[in-house]
Amino acid sequence: EDKVVQSPLSLVVHEGDTVTLNCSYEVTNFRSLLWYKQEKKAPTFLFMLTSSGIEKKSGRLSSILDKKELFSILNITATQTGDSAVYLCAVEGSRTSYDKVIFGPGTSLSVIP
Amino acid sequence: NAGVTQTPKFQVLKTGQSMTLQCAQDMNHNSMYWYRQDPGMGLRLIYYSASEGTTDKGEVPNGYNVSRLNKREFSLRLESAAPSQTSVYFCASRRPGQGLFSSYNEQFFGPGTRLTVL
C-alpha cells in the first residue's frame, strides 16, 4: 500500500532557528516527490524532486531527495514568523497509475518571536 | 485566469442528504483530483482522473462518486451524507509531463469547500 510518513508532526521554534522536516515514503512506480506549504487556505507549491542528491533551493528553503533510502528533507534556515504553516509532503506514482498523488499528514511548524 | 474554482465554499447538510461539489479548471490540465482534509491528517485522496473519461479510486473513495464531465470539470457527489464526511474538500488539477523523462508538474488547488454534516 502506498504510504507517506512525515516527522515531526508538530514543531515549535524561535525566530532565527534552523529546522529540518522529514518525509519518508513507500510507493510503487515512484515518479516525483513534492513539498507544499499550507497556511489557512489551499496548499501552495514549494518544490518538486525527481532525482536523488540534487538539492533544490528557494531563498531560505531547500530540499533534497534520497531515492535509495526513500526519504526527503526540507530545511528552513533563519526561520521567520511567516514560515509558520503546515508543510505537506506528497508522492506521485502507484502500482496502477503515475498520476496518483498522495500526501503525508503534514508537519505543523510554529515560529515564535 | 481563474485557475481552479470550487463551488460551494460552505455547505451544511443533514445526515442522508445528497449533494454535488463542483470543480472546474481553465488551465487545460489533463489530471484532476479530489482530496479531503481533516485535522491532523493531511490531504487524503478520494478520487482522481488522469484524463477526460477516466476516473480512479484514491485512498478513501467509500461514500463518494465522481464524474469527469469534460476536460474542465470534475464533480464529487455524496449520495447519502454522513457525519464522518464532515471535512474540507479540495479539488486540484495538474498538467502532465511531456514524455517519460521530462519534468513533471505540481498540482494547483482550488480554495476548498467546507462541508458540515449534522
Side-chain angles (χ1 to χ4, degrees), chain A residues 1-11 21 23-27 29-51 54 56 58 63 65 85-109, chain B residues 2-6 9 23 25 27 29-52 54-61 68 74 88-114:
Chain A
E1 182 182 335
D2 301 325
K3 187 168 63 173
V4 180
V5 176
Q6 291 185 249
S7 64
L9 294 180
S10 65
L11 191 56
L21 309 183
C23 175
S24 63
Y25 63 89
E26 294 175 25
V27 64
N29 291 339
F30 173 86
R31 182 156 153 169
S32 67
L33 184 144
L34 306 101
W35 284 98
Y36 290 84
K37 179 182 181 181
Q38 185 178 27
E39 294 172 273
K40 294 197 186 304
K41 297 183 180 178
T44 54
F45 174 74
L46 294 174
F47 297 113
M48 176 181 294
L49 301 149
T50 57
S51 301
I54 298 175
K56 294 262 182 128
S58 177
S63 183
L65 173 67
V86 175
Y87 290 84
L88 296 163
C89 174
V91 176
E92 177 187 12
S94 78
R95 193 182 309 275
T96 56
S97 168
Y98 282 115
D99 288 286
K100 185 177 180 182
V101 181
I102 62 171
F103 283 76
T107 293
S108 177
L109 175 65
Chain B
V4 181
T5 57
Q6 292 183 236
K9 287 190 167 53
C23 173
Q25 52 90 10
M27 297 174 280
H29 287 174
N30 284 7
S31 303
M32 297 186 73
Y33 304 79
W34 276 106
Y35 293 91
R36 60 177 288 174
Q37 186 170 37
D38 304 299
M41 299 192 74
L43 292 162
R44 290 187 292 168
L45 181 63
I46 305 172
Y47 272 94
Y48 64 106
S49 170
S51 61
E52 183 180 351
T54 68
T55 61
D56 286 285
K57 293 179 180 179
E59 302 167 275
V60 288
R68 183 75 183 268
F74 188 38
V88 179
Y89 291 84
F90 287 102
C91 176
S93 71
R94 190 175 69 102
R95 65 182 169 88
Q98 296 169 7
L100 185 62
F101 300 108
S102 71
S103 60
Y104 308 110
N105 305 291
E106 77 275 21
Q107 292 166 308
F108 292 84
F109 285 85
T113 294
R114 186 171 294 276

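All chains are named by letter (A, B, ...) in the order of the sequence lines, taking the proteins before the strands, and each is independently numbered beginning at 1.
- Annotation for B:Arg44: atom CZ counts as buried by contact number, over 12 foreign heavy atoms lying within 6.0 Å.
- Distance check, rounded to the nearest 0.5 Å: OG1 of A:Thr44 to CZ of B:Phe108 gives 11.0 Å.
- Atom NZ of B:Lys57 is surrounded by 12 or fewer heavy atoms from other residues, nucleotides or ligands within 6.0 Å.
- Applying the salt bridge (charged side-chain N to carboxylate O under 4.0 Å, His left out) test to A:Lys41 and every residue at least two apart in sequence or in another chain returns nothing.
- A:Phe47 is linked by a ring-ring contact (aromatic ring centres under 6.0 Å, His included) to nothing, counting only residues two or more places apart in sequence or in another chain.
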key: Verdict with reasoning, B:Leu43 to A:Leu88, per side chain to side chain contact (heavy atoms under 4.5 Å, CB included)   = CA-CA 8 Å; B:Leu43 292 162; A:Leu88 296 163; 4.0 Å; yes
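- When heavy atoms are compared at a cutoff of 4.5 Å, A:Leu9 does not approach chain B at all.
- Interatomic distance, NZ of A:Lys100 versus CG of B:Asp56, reported as 9.0 Å (0.5 Å rounding).
- Between A:Tyr36 and B:Phe109, the ring centre distance stays below 6.0 Å.
- The pair A:Glu92-B:Arg94 meets the salt-bridge criterion, since a charged nitrogen lies less than 4.0 angstrom from a carboxylate oxygen.
- To the nearest 0.5 angstrom, B:Gln107 atom CD is 8.5 Å from A:Met48 atom CE.
- For the atom pair CD1 of A:Ile102 and OH of B:Tyr33, the computed distance is 12.0 Å after rounding to the nearest 0.5 Å.
- For A:Gln6, no part lies near chain B; criterion is any non-hydrogen pair under 4.5 Å.
- B:Gly110 and A:Ala42 get closest at one heavy-atom pair: O-CB, 3.2 Å.
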